[in-house]
Protein chains: 2
Amino acid sequence: MTSQSAVSQLASAMGQQPAPIYLRVKQAIITQIRAGHWQPHQRIPSESELVNELGVSRMTINRALRELTSEGYLVRMQGVGTFVAESKGYTAMLEVHNIAEEIALRGHEHTSRLLTLEEIQADGERLTMPGVAQGQPLFHSQIVHYEDGIPVQLEDRLVNPIMAPDYLKQDYQVITPYTYLMQVAPLSAGEHVVEAVMPDAFQQKTLMIDAREPCLLVRRQTWSGNHAVTGARLLYPGTRYKLLGKFRGHN
Amino acid sequence: MTSQSAVSQLASAMGQQPAPIYLRVKQAIITQIRAGHWQPHQRIPSESELVNELGVSRMTINRALRELTSEGYLVRMQGVGTFVAESKGYTAMLEVHNIAEEIALRGHEHTSRLLTLEEIQADGERLTMPGVAQGQPLFHSQIVHYEDGIPVQLEDRLVNPIMAPDYLKQDYQVITPYTYLMQVAPLSAGEHVVEAVMPDAFQQKTLMIDAREPCLLVRRQTWSGNHAVTGARLLYPGTRYKLLGKFRGHN
DNA sequence: GAGTGGTCTAGACCACGTG
DNA sequence: ACGTGGTCTAGACCACTCG
């Protein structure tokens with residue numbers, strides 16, 4: 001049987017003593033997968049088989065398999081069996097942080113200047129938000145964020161008045177819109193899009209850049225429960241701001 | 001005692017029957033945290049206290065606490081106790097995919113054109129890679145990727161010959177450098193930077209864009225084990241390509 | 001009905017941090 | 001010495017899938 005030889009390799013792959021058993025089981029299974037002895041979609045031995053082959057209690061085997069499942073190595077189906085997951089390769093991720101936090105983390109000073117804070121009407125085009133009908137009120141703010149006095153972000157934001165009725169009454173020298181909105185309407189989900197654009201005349205002036213400097217534009221829409229809370233257009237000068245990310249492989 | 005009242009609230013928060021016990025325990029604890037009854041850095045009842053208060057076996061309590069820890073809600077210290085983690089807010093992530101896969105997922109046709117495939121010498125400046133000394137050989141490739149015949153990415157790549165000695169012998173009409181490199185040197189870690197730049201004359205010509213169109217530049221460095229494998233500069237026309245991402249809150 | 005994973009228990013031993 | 005979390009076991013019952 002293929003599973004017989006595979007399991008005997010499994011047992012030998014569990015050599016080292018100092019680690020907890022469930023971890024050695026996990027490592028042994030990962031070894032089989034990495035070595036190609038167990039292929040994606042292939043069924044691996046059942047819990048009770050592993051109990052017999054490895055001489056370990058079922059709860060311990062179960063923990064190892066459960067953790068490997070949540071880590072994406074395995075797929076389990078009750079009544080059917082445990083299978084090697086499709087190789088995910090890797091997922092390269094970029095984190096997009098709150099600007100004030102990010103500047104603080106770099107040990108720099110964050111300041112901001114409020115350009116606009118007003119109530120407007122949704123026009124169904126650029127000034128709109130999911131769930132807010134045309135002609136309904138919206139809040140609008142424009143803020144420039146500075147890092148050690150240098151402008152690094154122009155934040156243009158629309159807010160759903162139903163979700164944050166006191167948005168216009170806040171002092172945005174003290175609290176950032178992001179922080180305030182997170183308090184009154186905790187984020188449940190969001191989407192964003194990153195693109196490269198050229199700044200218009202107003203943007204050039206506020207960010208103190210010239211007409212030839214490309215910018216990163218992050219458009220972000222966030223939700224609390226089933227309600228759209230806010231949509232933001234965050235514009236960064238290309239020469240002063242970059243998005244960083246690290247990633248790791250899975251298999 | 002504060003923990004006494006907190007625990008009695010805990011027990012009442014565990015109402016519903018149909019869910020497994022460890023899940024109800026998890027939900028009850030999350031409820032306490034969200035409601036603010038248990039604050040960040042505050043110690044929560046010990047496993048044995050929870051066993052007594054909730055009338056559940058310790059293994060079940062342990063599983064609930066262990067999972068909440070791996071999900072970022074709690075921090076545990078052996079010999080000390082279990083504490084509510086600092087609120088993470090959320091982490092907004094952008095996924096950066098393999099271009100060929102991404103185009104295929106959209107149901108479009110991916111083609112590519114090889115511009116350059118050569119051996120060069122590391123010069124310690126732009127042509128360099130961690131772990132490869134100046135004057136050592138490097139492989140260099142330039143490929144344009146097309147989506148339904150329209151150029152969407154210019155891939156400029158340096159490869160460590162030690163990690164992929166046969167890189168120059170591959171047919172990049174058949175396999176993408178990304179896919180080939182993942183096969184011979186499975187990725188273990190990577191970093192990337194996204195910025196907005198203006199294209200130079202060569203880039204304008206190959207991507208068929210005009211001089212005023214800003215581009216997204218993704219610079220990516222990947223490692224396999226402790227060895228740098230490849231560094232890539234991926235240039236996307238700003239009008240034809242955007243990075244998308246979704247995110248969800250944690251707490 | 002036989003085999004699978006999903007869960008739960010009671011009790012045990014250990015390593016660790018604190019007083 | 002004590003309480004904490006970390007782990008492990010043997011055995012149990014259940015829900016599910018499949019032939």
Side-chain angles (χ1 to χ4, degrees), chain A residues 1-4 6-7 10-11 14-29 38 41-85, chain B residues 1-4 6-7 10-11 14-29 38 41-85:
Chain A
M1 299 323 233
T2 84
S3 76
Q4 194 175 3
V7 167
L10 221 209
M14 272 191 48
Q16 336 171 35
Q17 273 300 332
I21 300 178
Y22 79 92
L23 255 187
R24 303 214 304 272
V25 173
K26 286 178 66 175
Q27 289 162 352
I29 291 172
W38 293 352
H41 300 102
Q42 182 181 331
R43 177 156 169 214
I44 77 169
S46 74
E47 293 195 352
S48 59
E49 283 171 339
L50 290 171
V51 165
N52 295 330
E53 298 292 343
L54 301 179
V56 173
S57 99
R58 193 182 150 214
M59 274 301 276
T60 302
I61 296 291
N62 179 268
R63 176 170 176 184
L65 296 182
R66 187 154 34 81
E67 292 190 0
L68 287 172
T69 300
S70 84
E71 290 162 19
Y73 289 98
L74 300 176
V75 174
R76 314 195 76 186
M77 280 178 290
Q78 193 175 87
V80 182
T82 302
F83 303 83
V84 177
Chain B
M1 293 326 199
T2 84
S3 77
Q4 193 174 5
V7 168
L10 221 209
M14 271 192 49
Q16 336 169 35
Q17 272 301 332
I21 299 178
Y22 79 92
L23 255 187
R24 304 213 304 273
V25 173
K26 286 177 66 175
Q27 289 162 352
I29 291 173
W38 292 353
H41 300 104
Q42 182 181 333
R43 174 154 172 217
I44 78 169
S46 73
E47 293 195 352
S48 60
E49 284 170 339
L50 290 171
V51 165
N52 295 330
E53 300 292 342
L54 301 179
V56 173
S57 100
R58 193 183 149 211
M59 274 301 276
T60 303
I61 296 290
N62 179 270
R63 176 170 175 183
L65 297 182
R66 188 153 35 81
E67 292 190 1
L68 286 172
T69 300
S70 84
E71 290 163 18
Y73 289 97
L74 300 176
V75 175
R76 313 195 75 187
M77 280 178 289
Q78 194 175 83
V80 183
T82 301
F83 304 82
V84 177

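Each chain gets a letter, A, B and so on, in the order its sequence line appears, and its residues count up from 1.
- Along DNA chain C, the stretch of nucleotides lying under 4.0 Å from any heavy atom of chain B spans, 5' to 3', dT7(C) to dG17(C).
- A straight line from CZ of R43(B) to C1' of dT4(D) spans 7 Å, rounded to a whole angstrom.
- Nucleotides of DNA chain D nearest to S57(A) and V80(A) differ in position, and the one nearer the 5' end is that of S57(A).
- Rounded to whole Å, atom P of dG5(D) lies 17 Å from atom CD of E67(B).
- Between M77(A) and F83(A) there is a side-chain heavy-atom pair separated by less than 4.5 Å.
- In terms of the side-chain hydrogen bond (donor to acceptor under 3.5 Å, both in side chains) criterion, residue partners of S48(B) (sequence neighbours excluded) are, by chain and number, S46(B).
- With hydrogens and angles left out, the side-chain atoms of N62(A) and R66(A) include a donor and acceptor closer than 3.5 Å.
- As rounded to whole Å, 12 Å separates atom C1' of dT4(D) from atom CG of L50(B).
- Computed from coordinates, the L74(B) CG to dT4(D) C1' distance equals 15 Å when rounded to whole Å.
- Remark: R43(B) pairs with no residue by the salt bridge (charged side-chain N to carboxylate O under 4.0 Å, His left out) rule, at least two apart or across chains.
- If you find the closest nucleotide of DNA chain C to G79(B) and to E47(A), the one lying nearer the 5' end belongs to E47(A).
- Among the heavy atoms of the strands lying under 4.0 Å from R58(A) is at least one base atom, whether or not backbone atoms are also near.
- Contact of the L65(A) side chain with the I44(A) side chain is registered, since non-hydrogen atoms from C-beta on lie closer than 4.5 Å.
- The shortest side-chain heavy-atom distance between L50(B) and V25(B) does not fall under the 4.5 Å cut-off.
- For the pair I21(A) and Q78(A), both in contact range of DNA chain D, the more 5′-proximal nearest nucleotide belongs to I21(A).
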